[in-house]
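Order of listing sets the numbers, starting from 1, for every ligand and every atom in it.
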Amino acid sequence: MNSYLYGYGPPGNREWLIVDLGITFGSDTEPGIDVILPDIRFLEEERPNLKGLLLTHAHEDHFGAVIDLWPRLGGVPVYATPFTASMLKSKLAEVGMLQGFPLEVMPMGGRRTIGPFDIELITMSHSIPEPSGVVIKTELGTVVHTGDWKLDETPLTSGPTDEARLRALGEAGITALICDSTNAVRDGISPSEADVAVTLEKLIRAAPRRVAVTTFASNVARIGSVAKAARAAGRKLVVVGRAMYRVIEAAQETSYLDPNLPFLPETEFERIAPGKVVALCTGSQGEGRAAMARIAQGEHPNVELDAGDCVIFSSRTIPGNEKAVARVQNGLSDQGIEVMTDQDAPVHVSGHPRRGELEQLYSWTKPKIAIPMHGEGKHLEAHARLAERLGVGEVVRARNGAMVRLAPEPVAIIDEVPVGRLYRDGAIITAEGDGQVRERRKLGFVGSVAVSLVLSDKGQFLADPEVALTGLPTTDTHGTPFETIVREAVIGTVDSIPRPRRKDPNLVSEAVRRGVRAAVNQAWGKKPVCSVLVTVL
Ligand SMILES: [Zn+2]
Ligand SMILES: [Zn+2]
């Protein structure tokens with residue numbers, strides 16, 4: 001999840017430009033959480049000084065948080081190029097926020113003033129149309145924020161990366177380059193999107209029966225390549241999954257997909273002969289509700305594959321999704337369906353620069369300061385070392401929350417602002433520290449016991465204690481039911497409390513909770529979460 005903040009002016013009177021506002025997806029470690037958002041406490045405090053939110057491209061890790069968090073930003077205007085704007089509009093419309101939303105469309109390579117900043121977009125290449133780097137100029141200097149990028153002479157959508165403009169900016173003098181680190185541990189230059197198109201066509205032509213291709217829904221170039229490969233192989237293309245439709249619509253609206261390419265609805269699938277169909281599916285990351293997972297389980301209402309069919313994963317497995325993807329791939333293999341990934345053939349390329357590409361960018365831009373961004377610790381560090389080796393004067397190792405002074409000199413990390421994560425939990429957005437997710441994780445390991453007691457004011461049981469066990473084994477190693485163990489612990493604990501003190505429900509509740517956890521622990525070796533409700537009549 002990416003969001004960067006550029007400020008100009010003295011402390012207390014500083015104006016800000018936000019670049020990107022993205023999300024990340026929850027994993028097994030955040031049970032019940034699909035979407036994780038950045039904690040924007042700092043932005044909320046600075047609300048009156050926010051001059052604009054500029055979106056570099058329409059990947060979820062860069063623009064996915066706008067819908068949830070923009071309402072907290074005091075009506076700040078949002079700037080984006082036509083394709084990114086079109087993707088945002090479709091989301092805004094879905095939640096009824098489009099009316100009156102201050103969305104300003106900027107052309108590719110466009111310039112404008114936002115607050116104290118002179119802003120220029122630089123066309124880059126990436127795995128989605130219209131990735132834009134941002135040049136931020138003030139009288140103190142010029143900063144280039146690359147966004148996500150790679151070098152690709154044949155990106156098959158917008159682009160390629162505007163080398164001439166980057167060189168010209170480098171000649172004029174760049175104070176700081178804030179640059180993508182995702183592939184900074186990989187040597188060489190990444191292959192082109194056009195190479196993937198060639199491979200896909202070969203594979204689809206050679207396939208004897210049905211072919212399904214799954215890829216990132218936002219990869220318009222890839223969608224176009226699959227459509228063209230299907231046409232070249234004399235096959236019809238059906239689209240499976242809602243997210244894919246949204247992108248196809250936005251791409252046709254902005255002319256990144258040929259409106260004459262026929263994309264058929266998934267209901268057509270079963271009417272087409274096995275050797276004449278290609279299905280383009282969502283779910284390359286093994287997402288449980290997406291098309292591919294449902295097809296793998298034989299549960300998709302419209303699309304069914306058989307032995308001898310072929311599924312191509314034209315994607316990379318994002319770290320954290322390995323298990324989910326393996327589950328889907330194994331499900332397909334178990335049915336005799338051939339599974340092809342980028343391990344078997346060059347059916348995917350990354351959208352991020354390898355070391356060779358980073359070297360080229362540094363040679364064009366010659367910045368005084370380098371700040372690696374976008375990557376895990378090891379990627380950021382590899383990028384920092386590379387920049388040092390390339391002779392960049394100042395390399396700043398900034399981590400989340402670091403506030404860096406770029407100009408005037410000296411360059412330094414001058415402050416730490418609060419950062420963190422927010423969870424989208426059902427319809428509610430909560431702070432990571434609120435604890436419910438930690439509690440759920442705990443419940444997942446140890447289960448829970450609930451106890452209800454009714455005592456008289458003399459401290460006698462007015463009814464048998466009620467207990468409810470969730471997620472515990474049925475019996476201990478001797479065959480004693482855990483329910484019995486819990487009941488005996490409850491009665492034993494209450495009996496051990498002197499009668500006059502039993503009038504205090506909090507005291508009874510806490511004693512019973514401890515007693516139950518200790519008794520279960522002795523039999524099981526684990527302490528469940530335990531809630532005790534005490535009523536004194
Ligand atoms: Zn991206
Ligand atoms: Zn990204």
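Taking 2.8 Å as the threshold, H352 does not count as a candidate ligand of the Zn ion (ligand 1), since none of its N, O or S atoms lies below it. Metal site remark for the Zn ion (ligand 2): H62 contributes an N, O or S atom at a distance under 2.8 Å.
Within the cation-pi definition used here (under 6.0 Å to the ring centroid, within 45° of the axis), K91 qualifies as a partner of F63.
Residue-level check: among N/O/S atoms of H59, ND1 sits closest to the Zn ion (ligand 1).
We find that R14 and E46 are not joined by a salt bridge, their nearest charged nitrogen and carboxylate oxygen being 4.0 Å or further apart. In summary, E120 and R112 do not engage in a salt bridge, as defined by a charged side-chain N under 4.0 Å from a carboxylate O. Using a 4.0 Å cut-off between a side-chain N of Lys or Arg and a carboxylate O of Asp or Glu, E381 and R385 qualify as a salt bridge. Of the charged side-chain nitrogens involved, at least one lies within less than 4.0 Å of a carboxylate oxygen, so that E163 and R167 count as a salt-bridged pair.
The angle that H57 NE2 and D148 OD2 make at the Zn ion (ligand 1), rounded to 10°, works out to 90°. Our summary of the site lists the angle at the Zn ion (ligand 2) between NE2 of H374 and OD2 of D61 as 90°, to the nearest 10 degrees.
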